[in-house]
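Residue indices begin at 1 and follow the sequence shown.
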Amino acid sequence: FFLQLMVSYPPSEATSSSKDFSAYDFSLKAGIALLLDESVRSTNVKSVFTSLMDLQKEFEDIRSSCRNPVILILDKAVVTLPWEMTHSLCNQPVTRMPSLPSLIQLYLKHSQKADSILTKGVDVNNGFFILDPDNNLPRTQERLRDTFSSTKWEGVKGERPSLRQFQDALNNKDIFV
């Protein structure tokens, strides 16, 4: 629901009228509350909502700027959503990758080039991951444990990140998985 809302109502359309904006705000807060497993009125939900709204304002100039390609690795639950058509991605080059191992192989191949965006534009050691936040996918944890252990990324496995960890990752990390 939360993801469908973000795809259906890009920020510029959501703010076209105060009635739409209020419905957008409430739906966004409801999605955050669902992700955090807290009340819509909780301080944590309000804090994340405020942070997202602040980020949205900061990204207005970036949305129209020329950026490097975006790589999406999507879960089967959200793979059918038209991510490439979202407001922030519709004018940007977007690539879908089937898995993290295939992305790693591509990275290894291209990271040897001195002029590669992989070595110049993104700090690959500055990442954060969330692995199985509901702690109900033991085989997934086992399969990805070595992959994430081989990075210098911070992250959480088998638990939900704290609000502080989540905000820090969104604001300060180059890679968020």
Rounded to the nearest 0.5 Å, what's the gap from [atom1] on [X] to [atom2] on [Y]? Could you check?
{"X": "Leu163", "Y": "Ser42", "atom1": "CG", "atom2": "OG", "value": "8.5 Å"}
{"X": "Ile104", "Y": "Met97", "atom1": "CD1", "atom2": "CE", "value": "10.0 Å"}
{"X": "Ile175", "Y": "Thr151", "atom1": "CD1", "atom2": "OG1", "value": "8.5 Å"}
{"X": "Lys29", "Y": "Thr50", "atom1": "NZ", "atom2": "OG1", "value": "7.0 Å"}
{"X": "Asn44", "Y": "Asp37", "atom1": "CG", "atom2": "CG", "value": "11.5 Å"}

side-chain hydrogen bond (donor to acceptor under 3.5 Å, both in side chains) with Glu159: which residues, sequence neighbours excluded?
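So Glu159 forms no side-chain hydrogen bond (donor to acceptor under 3.5 Å, both in side chains) with any residue.
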
Any side-chain heavy-atom pair of [X] and [Y] under 4.5 Å:
{"X": "Asp134", "Y": "Arg160", "answer": "yes"}
{"X": "Trp83", "Y": "Val94", "answer": "no"}
{"X": "Gln165", "Y": "Phe128", "answer": "yes"}
{"X": "Ile32", "Y": "Lys46", "answer": "no"}
{"X": "Leu131", "Y": "Arg145", "answer": "no"}
{"X": "Thr140", "Y": "Arg143", "answer": "yes"}
{"X": "Ile73", "Y": "Val177", "answer": "no"}

Closest contact, heavy atoms only, [X] versus [Y]:
{"X": "Gln167", "Y": "Ser47", "value": "NE2-OG, 3.0 Å"}
{"X": "Gly158", "Y": "Asn135", "value": "O-CB, 3.2 Å"}
{"X": "Ser150", "Y": "Thr147", "value": "OG-O, 2.7 Å"}
{"X": "Ile130", "Y": "Pro161", "value": "CD1-CG, 3.6 Å"}

Side chains of Ser99 and Ser102: do they bring a donor and an acceptor to under 3.5 Å?
yes

Partners of Asp168 by side chain to side chain contact (heavy atoms under 4.5 Å, CB included), sequence neighbours excluded?
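Scan of Asp168 (side chain to side chain contact (heavy atoms under 4.5 Å, CB included), adjacent residues dropped) gives Asn172, Lys173.
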
Counting N and O atoms only, with roles assigned by atom type, does the side chain of [X] sit under 3.5 Å from a partner on the main chain of [Y], one being a donor and the other an acceptor?
{"X": "Arg96", "Y": "Val79", "value": "yes"}
{"X": "Trp153", "Y": "Phe176", "value": "no"}
{"X": "Asp174", "Y": "Asp123", "value": "yes"}
{"X": "Asp132", "Y": "Leu137", "value": "yes"}

Would you call Glu142-Arg139 a salt bridge at under 4.0 Å N-O?
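Result for this pair is no, no salt bridge flagged.
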
Take the angle between the ring planes of Phe129 and Phe148 and call it parallel below 30°, perpendicular above 60°, tilted in between.
parallel

